[in-house]
Structures are given as structure tokens and as C-alpha cells.
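Note sheet for the following structure.
Numbering of residues begins at 1 and proceeds along the displayed sequence. Counting starts at 1 for both ligands and their atoms, following the listed order. Note that the structure is predicted; figures quoted are calculated from it, not measured.
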Amino acid sequence: MRRGLSIFRARADDARVVLPEANLVIDVTLRETIDEDLPILFRHQADPVASEMAAFPSRDEEAFFAHWDEIRADERVINRTILAGGSVVGGIASFVIDGERDVGYWIDRAEWGRGIASAALAAFLEVDATRPIFARVAAHNPRSRRVLEKAGFRLIDRVVADDGVEELVFRLDGDPSL
Ligand SMILES: CC(C)(COP(=O)(O)OP(=O)(O)OC[C@H]1O[C@@H](n2cnc3c(N)ncnc32)[C@H](O)[C@@H]1OP(=O)(O)O)[C@@H](O)C(=O)NCCC(=O)NCCS
């Protein structure tokens with residue numbers, strides 16, 4: 001996920017996740033982001049552990065809401081709020097940078113390791129069928145790398161971002177048989 005990440009808009013798609021440890025099933029649902037979600041999403045991105053993992057600096061409240069104003073004014077951005085069991089657990093979005101469509105996501109740290117990002121990405125890739133679609137992940141973020149690889153993304157490049165962070169560039173192509 002590139003610095004300057006955009007976040008979140010649009011409609012619902014569902015995916016079901018089997019939790020291996022508890023053998024439970026939860027519903028992971030995407031829906032259009034509403035104003036009431038924003039304070040929750042603000043708290044997710046303010047988490048210092050998550051921020052370090054993503055190599056993406058947390059925004060203060062003023063910057064966060066100003067960023068959302070920009071996102072909502074940009075018709076190219078596709079945003080979804082991620083719900084698990086009916087609760088807001090994160091966000092996923094695609095956005096255009098330098099002519100390429102990128103996808104990014106963020107999950108509440110309390111919910112990590114439950115398969116939520118994987119399910120949300122699978123559902124989102126049906127919402128946004130643009131191919132190729134790209135993702136950038138800090139080299140020190142193997143969880144996100146795993147989420148992308150499970151969705152079929154392949155590593156195509158390594159770059160050093162403006163802030164000096166090494167990033168892995170992933171790409172997902174369309175199904176060549178279609
Ligand atoms: C990265 C992030 C989205 C993952 O969300 P999540 O819901 O915990 O992800 P999932 O549970 O769907 O999948 C995580 C996968 O990583 C694996 N994993 C966990 N720790 C790992 C590690 N240290 N090394 C390699 N794989 C690891 C898990 O086993 C799982 O794979 P599996 O399904 O094959 O078992 C979440 O940690 C997050 O929001 N981080 C902060 C923001 C961020 O980094 N966003 C992505 C920026 S590109």
C-alpha cells in the first residue's frame with residue numbers, strides 16, 4: 001500500500017470465513033462507508049503497531065477527516081467498510097496512482113489473524129474488477145504479503161519509497177482463460 005493511501009465508498013459483497021481455531025463461521029461483509037464508521041476507522045489507523053506494520057504514519061484527527069473529504073471528492077476511489085459479524089472491523093479501498101489502480105486494506109488489530117483481510121480482499125476483487133490491479137506492501141509486512149499471495153497477486157518488483165521504506169510491488173492479472 002503506497003503512502004498517500006486513499007481509503008474508502010460503495011455496495012455489499014459477502015464472503016464466509018471458517019475460523020480454524022474455534023471452527024466458527026463468521027460473515028465478512030463489505031458495504032459503503034457511512035459517516036458513523038469514520039471515528040472507528042480513525043482509531044484503527046491510529047494504532048501504532050498497525051502503523052508500523054504498514055509503514056504508514058497515523059493521521060491526527062484533523063488530517064484524517066480532511067483526507068476523507070478528499071477521498072469522497074475523488075470519483076476514482078472505491079471504498080468499502082469491512083464488517084465481521086455485523087461489526088466494523090476495517091476498511092478496504094482501491095485508488096489510482098500514476099495511472100495504476102492499487103488496492104489497500106486495514107483491519108482492527110483486535111481482529112487480526114481471523115482471516116478477515118483475506119475474505120475482504122476476495123470480496124473486494126469482485127467489486128473492483130479492474131485488471132491488472134496492484135498492491136504495495138512494506139517488505140517487513142509478511143502478513144499482508146500472505147493476504148495478497150492467497151488472492152493470486154504475484155510479486156513483480158521491489159522499490160524504495162520516498163520515505164526510505166522498502167516496498168514489495170504485487171500485481172494481479174485477469175484470468176487468461178476468460
Ligand atoms: C496485514 C493485515 C491486513 C492482515 O489482516 P488479517 O485479517 O490478520 O489477515 P488474515 O488473517 O486474513 O491473513 C493473515 C495471513 O498471514 C499469515 N501470517 C501471520 N503472521 C505471519 C508472519 N509473521 N509471516 C507470514 N505470514 C503470517 C497468517 O497465517 C494468515 O495466512 P493463512 O490464512 O495462510 O494462515 C492486518 O494485520 C493489518 O490491518 N495491518 C495493519 C495495516 C496493514 O498492514 N495493511 C496492509 C498494508 S499493504
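With a 4.5 Å cut-off on side-chain heavy atoms, Y105 and F124 do not count as touching.
Distances from atom 46 (C) of ligand 1 to the heavy atoms of A117, S144, A54, A151 put S144 nearest. Nearest-heavy-atom check against atom 38 (C) of ligand 1 across Y105, F56, W112 picks out W112. One option in R109, R143, Q45, R145 has a heavy atom closer to atom 20 (N) of ligand 1 than any other, and that option is R143.
The shortest N or O to N or O distance between E111 and ligand 1 is not under 3.5 Å. Checked against a 3.5 angstrom limit, the closest N/O atoms of G115 and ligand 1 fall inside it. Here's the thing with G113: one of its N/O atoms is less than 3.5 angstrom from an N/O atom of ligand 1. Polar contact check, V137 against ligand 1: no nitrogen or oxygen pair lies under 3.5 Å apart.
Between K150 and ligand 1 there is a heavy-atom distance shorter than 4.0 Å. Taking a 4.0 Å cut-off on heavy atoms, G104 fails to register as neighbouring ligand 1.
At a heavy-atom cutoff of 4.0 Å, ligand 1 is contacted by the side chain of V147 but not by its backbone.
D37 places a side-chain N or O within donor-acceptor distance of the main-chain N or O of I34, the cut-off being under 3.5 Å. Of the possible donor and acceptor atoms, one in the side chain of R101 sits under 3.5 Å from a partner among the backbone N and O of R76.
Atom CD1 of I82 sits about 3.5 Å away from atom CD1 of I107, to the nearest 0.5 Å.
The aromatic rings of F64 and F42 sit perpendicular, their planes meeting at an angle over 60°, well past the 30° parallel limit.
The stretch residues 42-58 participates, sequence neighbours left out, in these side-chain hydrogen bond (donor to acceptor under 3.5 Å, both in side chains) pairs: D47-R109.
In the model, T130 has a side-chain atom that pairs as donor or acceptor with a side-chain atom of D128 under 3.5 Å.
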